[in-house]
Amino acid sequence: MQIMMTTTPLPPHVLAIDDDAAMRQLIADYLSENDLRVTTVATGADMEKVLAEHAVDVIVLDLRLAGEDGMQLAKKLRDTSEIPIIIVSGRKDEADRVMGLELGADDYITKPFSPRELLARVRAVLRRYQTSSELLPARNEKRRAYRFGGWELNLRTRRLTGPAAKRVELTNGEFSLLEAFCAAPQRVLSREQLLDLSRLHNAEVYERSIDVQILRLRRKMEANPSQPEYLKTERGVGYIFDTRVEVLY
């Protein structure tokens, strides 16, 4: 007799750092009720202890910790790990938002916020990284450029060069969208997948603008934008980058 053993995967683990005990309890209670494991701590030192002992999937970090520099904690986290970070701060701290995102945070939420909004943001970040692991190379895999059909997309200089070495100017959103296509060639990608993949590169890309940016890319890349050779539409599904892509390391 053969006995088949099955295991239930553990739910994602959220680590929240906040020096407000009531806020920690609120976060722990609500996220735990929605199929997430939650650990809450009050200090950066306690955060490091948890990270040393447990696998963490998302970090929710309040930047205004008593006696500590939340920005320095965020920087240290990004320098030493690739765990997604959602930073939390006051509603009027626009400088915190900008600096936090520049440091590599994945999302930003302002106080006061509803537990439901935090849950939605945590789920969105988890989904984004799951999509990344399925479609994109490992984050520590350093790719230099992509080449396809006489074109080259340089990831270091963020430049697109066409046939005859003609440089094509791209917006940040267009660059991130094209990078996502190059990383998953000849595979149909939905608008939601393209949105998530683009945001991994901190692009200001929104679902309603995916179609517009693809139209602009076609005008810049395609000999006949109305009959695209590369960026093709799969009706009712999404888009496909229909070409072979060479990866340069």
Side-chain angles (χ1 to χ4, degrees), residues 7-133 139 192 195-196 198-200 202-207:
T7 58
T8 302
L10 288 172
H13 185 190
V14 180
L15 171 60
I17 303 96
D18 197 305
D19 57 6
D20 184 330
M23 179 60 71
R24 293 198 302 274
Q25 191 65 51
L26 177 66
I27 291 173
D29 289 346
Y30 192 83
L31 296 186
S32 297
E33 291 169 0
N34 286 275
D35 302 321
L36 293 168
R37 290 180 294 148
V38 186
T39 301
T40 63
V41 297
T43 68
D46 288 339
M47 174 192 75
E48 291 181 358
K49 290 179 182 178
V50 173
L51 292 174
E53 298 176 3
H54 303 279
V56 173
D57 298 287
V58 181
I59 295 173
V60 179
L61 173 64
D62 190 335
L63 295 182
R64 300 298 185 183
L65 299 174
E68 294 189 80
D69 187 337
M71 284 296 179
Q72 286 299 318
L73 288 179
K75 183 178 186 303
K76 184 176 181 180
L77 281 169
R78 186 47 68 235
D79 288 343
T80 57
S81 79
E82 296 178 349
I83 303 171
I85 304 169
I86 300 174
I87 57 176
V88 179
S89 192
R91 183 175 298 276
K92 297 180 180 179
D93 295 327
E94 182 178 356
D96 283 354
R97 176 180 182 275
V98 173
M99 188 176 296
L101 294 176
E102 287 180 346
L103 286 174
D106 297 85
D107 203 352
Y108 180 94
I109 189 170
T110 56
K111 288 183 177 181
F113 57 82
S114 70
R116 185 176 180 181
E117 179 185 4
L118 177 61
L119 174 64
R121 290 179 181 272
V122 168
R123 284 176 171 170
V125 168
L126 287 169
R127 184 178 67 248
R128 201 175 302 163
Y129 272 75
Q130 181 179 9
T131 303
S132 166
S133 64
R139 302 189 77 198
E192 183 179 16
L195 177 67
D196 290 339
S198 297
R199 284 181 173 170
L200 285 170
N202 299 319
E204 292 295 329
V205 180
Y206 304 93
E207 187 171 6

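The two atoms that bring Val125 and Pro84 nearest to each other are CG1-CB, 3.3 Å, heavy atoms only. Closest non-hydrogen pair, Val38 versus Ser32, comes out as CG2-OG, 3.6 Å. The heavy-atom pair separating Thr110 from Tyr108 by the smallest distance is CG2-CE2, 3.1 Å.
Counting only heavy atoms from C-beta outward, the side chains of Thr40 and Asp18 never approach each other to under 4.5 Å. You'll find the side chain of Thr39 stays beyond 4.5 Å of the side chain of His54, heavy atoms only. Between Ile27 and Val14 the shortest side-chain heavy-atom distance does not fall below 4.5 Å. Residues Leu36 and Pro12 are in side-chain contact: their nearest non-hydrogen atoms beyond the backbone lie under 4.5 Å apart. Side-chain contact check for Met47 versus Leu77: some heavy-atom pair is nearer than 4.5 Å. With a 4.5 Å cut-off on side-chain heavy atoms, Glu117 and Arg121 count as touching. The shortest side-chain heavy-atom distance between Leu65 and Thr43 does not fall under the 4.5 Å cut-off.
The OG1 atom of Thr80 lies 10.0 Å from the NZ atom of Lys75; values are rounded to the nearest 0.5 Å. Between the CZ atom in Arg24 and the CD1 atom in Ile17 there is a gap of 11.0 Å [rounded to 0.5 Å]. Interatomic distance, His13 NE2 to Leu126 CG, rounded to the nearest 0.5 Å: 12.0 Å. Between atom CG of residue Leu63 and atom CD1 of residue Ile87 there is a gap of 5.0 Å, rounded to the nearest 0.5 Å. Remark: Asp62 CG to Ile109 CD1 distance equals 11.0 Å, nearest 0.5 Å. Here the straight-line distance linking atom CZ of Arg123 with atom CG of Leu118 works out to 11.0 Å at 0.5 Å rounding.
Every residue meeting the side-chain contact (heavy atoms from CB on, under 4.5 Å) condition with Ala124, not counting sequence neighbours, appears here in chain and number order: Arg127, Arg128.
Using modelled atom types, one side-chain atom of Arg78 and one backbone atom of Ile83 make a donor-acceptor pair closer than 3.5 Å. Between the side chain of Asp19 and the backbone N or O of Ala66, at least one donor-acceptor pair lies under 3.5 Å. Using modelled atom types, no side-chain atom of Asp106 and backbone atom of Ile86 make a donor-acceptor pair closer than 3.5 Å. With Arg64 contributing its side chain and Ser89 its backbone, the two residues share no donor-acceptor pair below 3.5 Å.
For Asp20 and Lys111, the salt-bridge test fails: no basic side-chain N is under 4.0 Å from an acidic carboxylate O.
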